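Take a look at the structure below.
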Amino acid sequence: METDPPFHEFYKSLFNKNMEEKTPQTINKSDKELVIVEECELPLIDLSRLYLSEPERTECKADIARASQEWGFFQVVNHGISPEILEKMRSEQERVFKQPFDRKTKEYRYLNFSAGSYRWGTPSATSLGQLSWSEAFHIPLSDISRSGGFDTLSCLPSTCYLRLNRYPPCPLPLEVFGLTPHTDSDFLTILHQDQVGGLQLVKDGRWIAVKPNPEALIINIGDLFQAWSNGVYKSVRHRVIANPLVERFSTAYFFCPSYDTVIESCREPAVYRKFSFREYRQQIHEDVQKLGTKIGLPRFRV
Ligand SMILES: O=C(O)CCC(=O)C(=O)O
Ligand SMILES: [Fe+2]
């Protein structure tokens with residue numbers, strides 16, 4: 001039974017188009033203003049410092065604020081989630097994705113998730129550079145609290161969700177992304193990645209590769225946090241490079257406000273006009289439908 005999504009069959013015309021072109025497009029060329037130079041470690045924050053007395057507490061918060069301004073990304077250790085739980089999450093995730101493809105698409109109910117929680121590839125892609133060579137389960141937190149008896153989760157907005165990502169080995173890693181470049185449309189993201197690597201982000205106008213640390217959690221600022229902080233904290237573009245040999249797993253938790261929440265800059269003069277999260281989501285949806293791509297925050301500049 002095939003477990004991988006049928007990328008080759010479904011995107012055959014894109015592969016053929018790429019072969020026919022005299023100089024096949026590679027993703028590095030198509031994103032040509034940004035060339036990869038190095039692998040680096042994200043700023044590392046030891047969260048246990050928050051429980052110490054002053055000045056450690058304040059210094060820890062200042063480090064977080066600095067990383068959020070300069071990188072939009074940082075990693076945390078001593079976050080309270082044991083390596084055993086992270087390992088268990090990874091092995092359960094592997095089990096879910098190892099189900100036959102047909103079952104993942106048609107029989108989502110076997111997992112007790114809502115309809116439409118499974119996605120793979122990029123249905124709207126018109127070139128290989130727009131295709132994401134990955135599959136994901138997108139699980140509203142309300143589904144988890146309902147099925148797992150985690151009552152404490154029910155006090156979080158129903159818009160929060162968990163995304164389980166799997167990146168199968170990809171035969172054309174220079175032409176196809178694991179996940180195409182994007183910023184996250186939420187407030188804050190918490191990401192756990194395995195040891196394979198592939199996550200890259202833009203720093204000072206260049207793509208850099210994030211050195212994996214499976215013990216750490218990666219935190220990144222989302223679009224709403226950027227707007228709320230009036231552009232002080234950065235929602236940074238990131239992407240995942242496909243791997244030709246090994247599969248990769250990651251889990252992302254997207255912390256979102258309720259749809260009615262109004263995002264308004266905390267400072268004057270405001271860089272962005274105020275908007276509700278509902279309005280933001282609708283605008284993204286509309287842009288993706290009409291233009292094939294997300295515009296995001298630039299739409300809301302005053
Ligand atoms: O897999 C990763 O490392 C990144 C995932 C990501 O950026 C996302 O799901 O939005
Ligand atoms: Fe992301």
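For ligands, and for the atoms within them, numbers begin at 1 and follow the listed sequence. No experiment lies behind these values; they were computed from the predicted model shown.
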Check your understanding: Heavy-atom contact under 4.0 Å between Arg248 and ligand 1?
Key ->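 Contact check Arg248 vs ligand 1: positive.
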Review point. Does ligand 1 have any atom sitting under 4.0 Å from a heavy atom of His238?
Key: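 For ligand 1, residue contact (heavy atoms, under 4.0 Å) with His238 is present.
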Check your understanding: Backbone, side chain, both or neither: what part of Phe249 comes under 4.0 angstrom of ligand 1, heavy atoms only?
Key ->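 Contact part for Phe249 vs ligand 1: neither.
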Practice item. Looking at His238, pick out the N, O or S atom nearest to the Fe ion (ligand 2) and give its name. Key: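 Looking at His238, the N, O or S atom with the least distance to the Fe ion (ligand 2) is NE2.
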Practice item. Could you pull out the atom name of the N/O/S atom in Asp184 that is nearest the Fe ion (ligand 2)? Key: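 Closest to the Fe ion (ligand 2) among those atoms: OD1.
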With a 4.5 Å cut-off on side-chain heavy atoms, are [Y] and [X] touching?
X	Y	answer
Asn16	Ser13	no
Glu59	Arg49	yes
Ile218	Leu199	yes
Ile208	Trp71	yes

Atoms in ligand 1 with a heavy atom of [X] nearer than 4.0 Å:
X	result
Asp184	10 (O)
Phe254	8 (C), 9 (O), 10 (O)
Leu179	5 (C), 6 (C), 7 (O), 8 (C), 9 (O)

Practice item. Inspect the contact between Glu286 and Arg299 and indicate whether a charged nitrogen and a carboxylate oxygen are less than 4.0 angstrom apart. Key: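 A salt bridge is absent here (no side-chain N lies under 4.0 Å from a carboxylate O).
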Short question: side chain of [X], backbone of [Y] - any donor-acceptor pair under 3.5 Å?
X	Y	result
Asn230	Pro269	yes
Ser229	Tyr233	yes
His192	Ile190	no

Exercise for review: Say whether Ser250, considering both its backbone and side-chain N or O atoms, lies within less than 3.5 Å of an N or O atom on ligand 1.
Suggested key: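 N/O-N/O distance below 3.5 Å exists for this pair.
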Practice item. List the closest protein heavy-atom neighbour of atom 8 (C) of ligand 1: residue, atom name, distance to the nearest 0.1 Å. Key: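 Answer, as residue, atom name and distance: Arg163 NH1, 3.3 Å.
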Check your understanding: Considering only heavy atoms, which of Val196, Leu164, Val240 lies nearest to atom 4 (C) of ligand 1?
Key ->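 The option holding the nearest heavy atom is Val240.
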